[in-house]
Visitor: 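Can you keep this structure in mind? I'll have questions shortly.
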Amino acid sequence: MTVVLRKRVAKDVNRTARMRVSGASVLCTALLSGAVSAATSGAIQPHDDILSIVEFAALQAASEQGLDQVEVRVRPLDQRLRPALCDRNLEIVRPHNGRVLGPVSYGVRCSGSVPWTLYLRAEVSASLELPVLAKALPRGTILAPDDLKMVTRRIKTQAADVIIDPELAVGMELKRPLSAGSTLRHGHVDLPELVTRGQMVTLVAGGSGIEVRMQGKAMGSGAQGDRLLVTNLTSGKRVEGLVLSDGSVRIP
């Protein structure tokens, strides 16, 4: 994705300092920031202009995902690089993978009479209030509300990877042991198994107010919502059903 910035970037920003901004201040920055369009024969594009454009783009991308208290640190360019002063608006090339947190690579492109493209690395983080473990817990623990506490953390991983709503964690099973204070990621938890292979289960069939229940034997293991092969002990036939929240299996 390419974003054209059309106003001059302020040059008095300290490139080594971290910036903390809210979504509202990002919008204000957009009114003041942009690309240099003046052309001077033999002139060099100031590094500060390029760094400022990358910083603004990283802040804007994080704001678009609803993040605030964003910090951006852009890695300085090699001082030996001397790109020509662009006689057209500079362009920002955003990451194709949509990443906005952690190490992110942005491109700055000049499509003028002396074209060039530079790629810069930015480190982006944001503050989020999220649930963490109140105590160390072993693998296989079914999380309860008392197992969690809310804290504010700076994260550098994709926000979608982290569990932010505690209700999404309660009732889930830990797939690995975690220490106290651990941030919960979706890969750390799974729905608990309600049925294990060989277990006797209740098969539920019917509809329109008529429900038939019978005994069956699970041919595999499954959590709520999983499709499971079971043997109907009445008919001896194997049928596929859906595991319900109470551990019964609904068959068509």
Side-chain angles (χ1 to χ4, degrees), residues 1 61-62 64-67 95-102 104 126 128-151 153 155-252:
M1 177 178 181
E64 288 171 355
Q65 291 201 5
L67 300 172
H96 295 296
N97 60 9
R99 174 180 286 273
V100 300
L101 292 178
V104 187
L128 288 176
E129 186 178 25
L130 42 78
V132 301
L133 290 189
K135 56 188 175 183
L137 293 174
R139 178 177 181 267
T141 299
I142 308 299
L143 294 174
D146 291 345
D147 295 326
L148 307 172
K149 64 179 181 179
M150 299 299 293
V151 300
R153 288 271 175 90
I155 64 168
K156 294 183 179 181
T157 186
Q158 288 298 88
D161 298 336
V162 179
I163 297 178
I164 300 174
D165 185 350
E167 292 186 5
L168 297 179
V170 172
M172 300 293 277
E173 180 179 355
L174 285 182
K175 296 167 62 177
R176 50 176 289 189
L178 293 175
S179 58
S182 292
T183 300
L184 289 170
R185 292 178 169 80
H186 292 286
H188 291 163
V189 297
D190 204 350
L191 288 170
E193 280 192 356
L194 299 177
V195 179
T196 58
R197 181 181 177 86
Q199 178 181 333
M200 303 301 291
V201 296
T202 298
L203 306 182
V204 181
S208 300
I210 300 176
E211 186 175 89
V212 178
R213 291 177 175 263
M214 61 204 82
Q215 286 295 103
K217 182 178 180 181
M219 307 306 294
S221 301
Q224 181 181 351
D226 287 347
R227 301 200 70 83
L228 191 65
L229 192 66
V230 294
T231 299
N232 184 329
L233 297 182
T234 301
S235 65
K237 293 182 178 180
R238 292 187 178 184
V239 294
E240 187 179 64
L242 191 71
V243 179
L244 303 180
S245 59
D246 61 357
S248 62
V249 178
R250 177 170 289 279
I251 58 176

Visitor: List for me each residue that meets side chain to side chain donor-acceptor pair (under 3.5 Å) alongside T231, sequence neighbours excluded, and say none if there are none.
Guide: none

Visitor: Can you name the side chain to side chain donor-acceptor pair (under 3.5 Å) partners of R99, sequence neighbours left out?
Guide: none

Visitor: Check whether any side-chain heavy atom of L203 sits under 4.5 Å from a side-chain heavy atom of L233, and report yes or no.
Guide: no

Visitor: Counting only pairs under 3.5 Å, give me each side-chain donor-acceptor contact of residues 133-144, with atom names and distances, residues two or more places apart or in other chains.
Guide:
| unit_1 | atom_1 | unit_2 | atom_2 | d |
| --- | --- | --- | --- | --- |
| R139 | NE | K175 | O | 3.2 |
| T141 | OG1 | P138 | O | 2.8 |

Visitor: Distance-only criterion, 3.5 Å: show the donor-acceptor pairs between side-chain atoms of residues 221-230 and protein atoms not counting sequence neighbours.
Guide:
| unit_1 | atom_1 | unit_2 | atom_2 | d |
| --- | --- | --- | --- | --- |
| S221 | OG | R197 | N | 3.0 |
| D226 | OD2 | A223 | N | 2.7 |
| R227 | NE | E240 | OE1 | 3.2 |

Visitor: Measuring only between side-chain heavy atoms, which start at C-beta, is V204 closer than 4.5 Å to V249?
Guide: no

Visitor: Kindly give the heavy-atom pair with the smallest separation between G247 and V201, and that separation in Å.
Guide: O-CG1, 4.2 Å

Visitor: Under the side chain to side chain donor-acceptor pair (under 3.5 Å) test, which residues partner S182, sequence neighbours left out?
Guide: S179

Visitor: Within the 4.5 Å heavy-atom criterion, are I163 and T183 side-chain neighbours or not?
Guide: no

Visitor: Check V104 against L101 and note the closest heavy-atom contact, atom names and distance.
Guide: CG2-O, 3.8 Å

Visitor: Would you please name every residue forming a side chain to side chain contact (heavy atoms under 4.5 Å, CB included) with V212, sequence neighbours left out?
Guide: M214

Visitor: Which residues satisfy the side chain to side chain contact (heavy atoms under 4.5 Å, CB included) test with D165, sequence neighbours excluded?
Guide: E167, L168

Visitor: Mind checking side chain to side chain donor-acceptor pair (under 3.5 Å) for T196 and listing every partner two or more places apart, or none if nothing turns up?
Guide: Q199

Visitor: Is the shortest side-chain heavy-atom distance between Q215 and T234 below 4.5 Å?
Guide: no

Visitor: Could you note down all residue pairs passing salt bridge (charged side-chain N to carboxylate O under 4.0 Å, His left out) where residues 210-221 supplies at least one of them, sequence neighbours left out?
Guide: E211-R213, E211-R250

